[in-house]
There are 2 protein chains.
Amino acid sequence: MKRQPTPDQLLLDQQLCFALYAASRSVTGLYRPLLEPLGLTYPQYLVMLVLWERDGLTVSELGQRLQLDSGTLTPLLKRLQGAGLVARQRRKEDERVVDIHLTDAGLALRDKASGIPECLAQCMQLSLDQMQTLRDELKRLTRQIQLSPSED
Amino acid sequence: MKRQPTPDQLLLDQQLCFALYAASRSVTGLYRPLLEPLGLTYPQYLVMLVLWERDGLTVSELGQRLQLDSGTLTPLLKRLQGAGLVARQRRKEDERVVDIHLTDAGLALRDKASGIPECLAQCMQLSLDQMQTLRDELKRLTRQIQLSPSED
DNA sequence: CAAAATTAAATTGTGTACAATTCAATTTTT
DNA sequence: AAAAATTGAATTGTACACAATTTAATTTTG
């Protein structure tokens with residue numbers, strides 16, 4: 001009458017997916033107290049990273065870079081606009097497109113964020129080399145996944 | 001009058017955090033079509049993995065295992081209950097505690113899920129060894145983060 | 001034992017994710 | 001050029017995450 005034990009492949013601790021999911025949320029949690037003084041959430045910070053790197057992208061270009069769709073980005077960008085960090089403007093030549101530009105305040109915020117990466121590296125207790133290796137493995141995995149899926 | 005270029009540490013592609021975040025969402029996306037026939041979302045699947053491994057946990061025990069709080073778990077468990085996969089019951093001896101048990105349907109679902117891990121491994125194109133190594137690095141990172149933070 | 005403190009879930013509120021639909025603007029076809 | 005197809009955002013609806021508060025039950029204290 002004893003139940004079958006769960007097969008090994010279904011054990012939580014065996015799952016790469018859960019290790020990823022847990023690590024991602026943990027790291028986001030590390031950012032939270034660092035971003036709070038800047039008035040940013042973690043996904044908002046990612047948008048700012050992209051814009052600091054190259055200002056004046058469209059919503060869909062931001063979406064390609066971050067792998068997020070307009071259902072996520074539109075309200076997020078409206079909040080950044082509300083915080084005075086970006087401007088959203090429909091393009092004259094093609095009214096379908098919305099260009100996102102940093103405001104002065106948005107650009108200025110970069111300086112306040114510049115210490116964050118080092119702070120994170122400290123907390124994670126990884127050497128620069130370990131960090132790069134792990135990052136590149138994860139990138140490879142992501143690329144692999146985005147290549148293979150159900151071709152239609 | 002040219003703007004300063006963004007410092008290297010703030011480049012999106014340099015960020016371990018984004019590699020993690022993107023990889024985690026990609027992997028979740030891989031699960032989606034596999035879980036859909038089972039009527040599960042990815043976080044619901046994680047809850048089921050835990051219960052298949054050990055049935056009859058409390059909400060907070062589930063929370064410890066998955067690092068999720070009642071704000072996430074309570075509605076999620078209600079949906080699993082609505083789907084007939086688990087039962088939620090306040091404990092007689094301590095009415096504060098809610099025990100979560102698999103229903104017969106919930107247990108039976110395990111068989112339908114048993115092929116998923118192998119399917120995932122295929123998609124990710126990683127050897128068993130590579131998967132384990134990456135998984136263990138991520139676990140170490142998560143553990144490290146959860147040890148160090150602001151001690152209060 | 002009664003008041004205070006603690007505990008476990010649930011609730012509330014904000015902010016993502018993401019599928020699916022809608023809507024308006026532009027291109028492509030005929 | 002008008003109809004059809006396509007495109008880019010926005011909207012809608014569902015389901016997490018997670019902080020903060022609330023509620024009820026149990027323990028601990030005085």
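Numbered from 1 within each chain, the chains take letters A, B, ... in sequence-line order.
- Checked by atom type and distance alone, the side chain of B/Glu53 pairs as donor or acceptor with a backbone atom of A/Leu12 at under 3.5 Å.
- First and last contacting nucleotides of DNA chain C toward chain A (any atom under 4.0 angstrom from a heavy atom, 5' to 3' order): C/dG15 to C/dT26.
- For the pair A/Arg90 CZ and D/dG8 P, the computed distance is 13 Å after rounding to whole Å.
- The residue among A/Pro75 and A/Lys92 whose nearest nucleotide of DNA chain C is located toward the 5' end is A/Pro75.
- Between A/Gln9 and A/Gln15, the shortest heavy-atom contact is O-NE2, 2.6 Å.
- Contacts of B/Thr28 with the nucleic acid, taken as non-hydrogen atoms under 4.0 Å apart, are absent.
- Atom-to-atom distance recorded for B/Thr72:OG1 and B/Asp69:CG is 4.5 Å, nearest 0.5 angstrom.
- The CG-C1' distance, from A/Leu62 to D/dG8, rounds to 13 Å in whole Å.
- Residues A/Gln89 and A/Val98 fail the side-chain proximity criterion, which asks for heavy atoms closer than 4.5 Å.
- Taking atom CZ of B/Arg32 as the reference point, atom P of D/dT14 lies 17 Å away to the nearest angstrom.
- Shortest non-hydrogen contact noted between B/Lys139 and A/Ala19 is CG-CB, 4.4 Å.
- Residues from residues 34-52 of chain A lying near DNA chain C, meaning a heavy-atom separation below 4.0 Å, are A/Thr41, A/Pro43, A/Gln44 in numerical order.
- Across all strands, B/Glu61 comes closer than 4.0 Å to no nucleic acid atom at all (heavy-atom distances).
- Counting any heavy atom pair closer than 4.0 Å across all strands shown, B/Ser60 reaches sugar-phosphate atoms only and no base atom.
- Residue A/Asp94 is in sugar-phosphate contact alone, with no base atom involved, counting any heavy-atom pair closer than 4.0 Å across all strands shown.
- Within the 4.0 Å cut-off from OP1 or OP2 of D/dT27, not a single side-chain nitrogen or oxygen of B/Arg96 is found.
- Side-chain N/O atoms of A/Lys78 include one lying less than 4.0 angstrom from OP1 or OP2 on D/dT11.
- Ring-plane geometry between A/Tyr31 and A/Tyr45 is classed as tilted, the angle between the planes lying from 30 to 60 degrees on a 0 to 90 degree scale.
- Residue-level contact check: B/Leu73 touches neither bases nor backbone, having no heavy atom under 4.0 Å from any strand.
- Between B/Ser70 and A/Gly71, it is B/Ser70 whose nearest contact on DNA chain C lies nearer the 5' terminus.
- Residues B/Ser26 and A/Gln146 have side chains that bring a donor and an acceptor to within less than 3.5 angstrom of each other.
- B/Arg88 comes within 4.0 angstrom of the backbone, heavy atoms only, and of no base.
- Applying the side chain to side chain donor-acceptor pair (under 3.5 Å) criterion to B/Ser60, with sequence neighbours excluded, gives B/Thr58.
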